[in-house]
Protein chains: 2
Amino acid sequence: MAADDGKKKISESTIQRLSLYYRVLSILEKENIKTISSKELAKHEKLTPAQVRKDLSFFGSFGTRGLGYPVTELKNRIATILGLDREWKVAMVGVGNIGSALVGYKEFQRHGFSINMIFDNDQRKIGSNHKGILVSDIANLKEGLRENNIDIVIIAVPATVAQYIVDDIVEAGVSGILNFAPINLKVPENVILRNENMSMELEHISFSLVNRESITATKE
Amino acid sequence: MAADDGKKKISESTIQRLSLYYRVLSILEKENIKTISSKELAKHEKLTPAQVRKDLSFFGSFGTRGLGYPVTELKNRIATILGLDREWKVAMVGVGNIGSALVGYKEFQRHGFSINMIFDNDQRKIGSNHKGILVSDIANLKEGLRENNIDIVIIAVPATVAQYIVDDIVEAGVSGILNFAPINLKVPENVILRNENMSMELEHISFSLVNRESITATKE
DNA sequence: CGGACTATGTGAATTCATTCACAAGTTACT
DNA sequence: AGTAACTTGTGAATGAATTCACATAGTCCG
């Protein structure tokens, strides 16, 4: 069971699916369901049972043959794997439309991400209170992040300035960044950068609708 | 049905990357750059030149050997492929934190997605104006979507009610749905459903940070 | 106009991810 | 205790996506 130090390469998609499992398991736990099979779990997220088992097997063997997986325990194990068993200190840079919405997004808190700093460059916002958090001047970004030991920064600023801000964040020693600006940012390779591009999903829908039309045209 | 005319199967990730190319090309066009090689294009999004060429080759051959791709033309071609050369009528369901932010999100407009209906169930919001759009009663969802020929609906409601709303949307004949609620929704297979799960990316960062620690610990 | 470059487009090779299939462990029931 | 029914965990097989490598086709410049 302690086969941890072997550097297995876990695929991106496996990690994404762990998030999904975690979500489902949380719901099942609330419904007081004690045990779930890979088959059932798979059905909840439209995956195959084999995939569920393979994903989990990268991290250990959590199930009982003939029975399935213990819901609460598996949920907790996944929480540990994903690092959700701790509180992450998060800062938001930019409280425009998106930034402001994310500060109030309950789902983040629920998973252990607590946003407790906000930065902006708008003089009208600086010093004001946003959902109980004081908005700091972005001029103090670097020191602010350092002094508060921020783990992760969420960037919700215009694409044009995002790179400058990232540079500061990196200099401040933060090594997890979630970027909402629609641009590809450069960071040193020891920094984890993930991008959230909301237009992309809409464009995917658009693509699918257009390509589906040939089928629709021939009538159902 | 009829349309099995040797249709190439385009992978999810190719489509995602087309969005990225589109984004880069738009910027290049503004910078008045006329031509770009697969190598340069790849560099902008940290991909390989071969991947860029392969992706594009699924849709035709747009480049000139020895020179590269014509920026504006390629951009327009991709727009056509992705269906961004038209105006999509979008409705937002739920104007809480997230919904409200997305209604004001400029990036959507820029890509041809114009949100021109909003639905909510909160009496205090119904009838009010949100960034110039009248908030309608969600009780009228089905008729509203039909009457206004909505193409795509964005769901930003609590997970607990999301499925009911999706059922209505589907019944209204809408066949593109972007879901922000953290739950897996069921739709008929002719409906395009995509999910945007913002916690997922944060959890990915969290995972990477935790797993990086072992490396950081042993290395330098 | 010709030769040196440059860069595409694409089958073939390779790498990576998913699914299959089955031995092995566990339960439930008689 | 024996057996039928489940379900995991995992190598092996399959399938998908990425990268390689090169023939092909154009550019550029003296």
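Basis for what follows: all heavy atoms, side chains included, without hydrogens, waters or symmetry-related copies.
Classified by interplanar angle (parallel below 30°, tilted 30° to 60°, perpendicular above 60°), the ring pair F113(B)/W88(B) is parallel.
E73(B) has its CD atom 14 Å from the P atom of dT8(C), to the nearest Å. Atoms NZ (K54(B)) and C1' (dG9(C)) sit 8 Å apart, rounded to a whole Å. Spacing between atom CD1 of I10(B) and atom C1' of dA16(D) amounts to 13 Å, rounded to whole angstrom units. One interatomic measurement links the two molecules: CG of D55(A) to P of dT8(D), which rounds to 13 Å at whole-angstrom precision. Between F58(B) atom CZ and dT8(C) atom P the separation is 16 Å, expressed in whole Å. Following rounding to the nearest Å, L56(A) (CG) and dT10(D) (P) show an atom-to-atom distance of 11 Å. Summarising the geometry, the separation between NZ on K9(A) and P on dC16(C) is reported as 7 Å, rounded to the nearest angstrom. Spacing between atom CZ of F59(B) and atom P of dG9(C) amounts to 14 Å, rounded to whole angstrom units.
Using a cutoff of 4.0 Å between basic side-chain nitrogens and carboxylate oxygens, E171(B) and K142(B) are scored as salt-bridged.
Between S61(B) and dT8(C) there is no side-chain polar atom (N or O) within less than 4.0 angstrom of OP1 or OP2. In this model, the phosphate group of dG11(C) is not approached by any side-chain N or O of R53(B) to a distance below 4.0 Å at OP1 or OP2. In this structure, Y69(A) does not reach the dT26(C) phosphate: none of its side-chain N or O atoms is under 4.0 Å from OP1 or OP2.
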Practice prompt. Go through the steps for D167(B) and Q163(B) under the test side chain to side chain donor-acceptor pair (under 3.5 Å), then give the verdict.
Written response: CA-CA 6 Å; D167(B) 293 344; Q163(B) 184 64 59; 2.9 Å; yes
Discussion item. Assess the residue pair K30(B) and N32(B) against the criterion (side chain to side chain donor-acceptor pair (under 3.5 Å)); give the C-alpha distance rounded to whole Å, side-chain angles, the decisive distance to 0.1 Å, and a yes or no.
Written reply: CA-CA 5 Å; K30(B) 255 185 227 120; N32(B) 215 30; over 6 Å; no
Discussion item. For V93(B) and I118(B): C-alpha separation, side-chain torsions, deciding distance, then whether side-chain contact (heavy atoms from CB on, under 4.5 Å) applies.
Written reply: CA-CA 6 Å; V93(B) 184; I118(B) 299 177; over 6 Å; no
Item to complete: Under the side chain to side chain donor-acceptor pair (under 3.5 Å) rule, what do S208(A) and R194(B) come out as? Steps first, then yes or no, please.
Response: CA-CA 10 Å; S208(A) 301; R194(B) 306 277 313 171; over 6 Å; no
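Summarising the geometry of E196(A) relative to L178(A), their closest heavy-atom pair is CB-CD1, 4.3 Å, with the distance given to 0.1 Å. The two residues H204(A) and I15(B) come nearest to each other via the heavy atoms CE1-CD1, 3.7 Å.
Residues T64(A) and T64(B) both approach DNA chain C. Their nearest nucleotides, taken by heavy-atom distance, put T64(B) toward the 5′ side. Nearest-nucleotide positions on DNA chain D for G63(A) and E12(B) put G63(A) closer to the 5' end.
If you check the side chains of E107(A) and S199(B), you find no donor sitting under 3.5 Å from an acceptor. Side-chain contact of S26(B) with R110(B): a donor-acceptor pair under 3.5 Å is absent, judged by distance alone.
Interface remark: the R65(B) side chain does form a donor-acceptor pair with the dT24(D) base, using a distance-only criterion of under 3.5 Å.
Against DNA chain C, the stretch residues 18-25 of chain A makes no heavy-atom approach under 4.0 Å. Shown for residues 32-52 of chain B: residues whose heavy atoms fall under 4.0 angstrom of DNA chain D, namely T48(B), A50(B), Q51(B).
Of the candidates dG9(C), dA12(C), dT10(D), the closest approach to any side-chain atom of S57(B) belongs to dG9(C).
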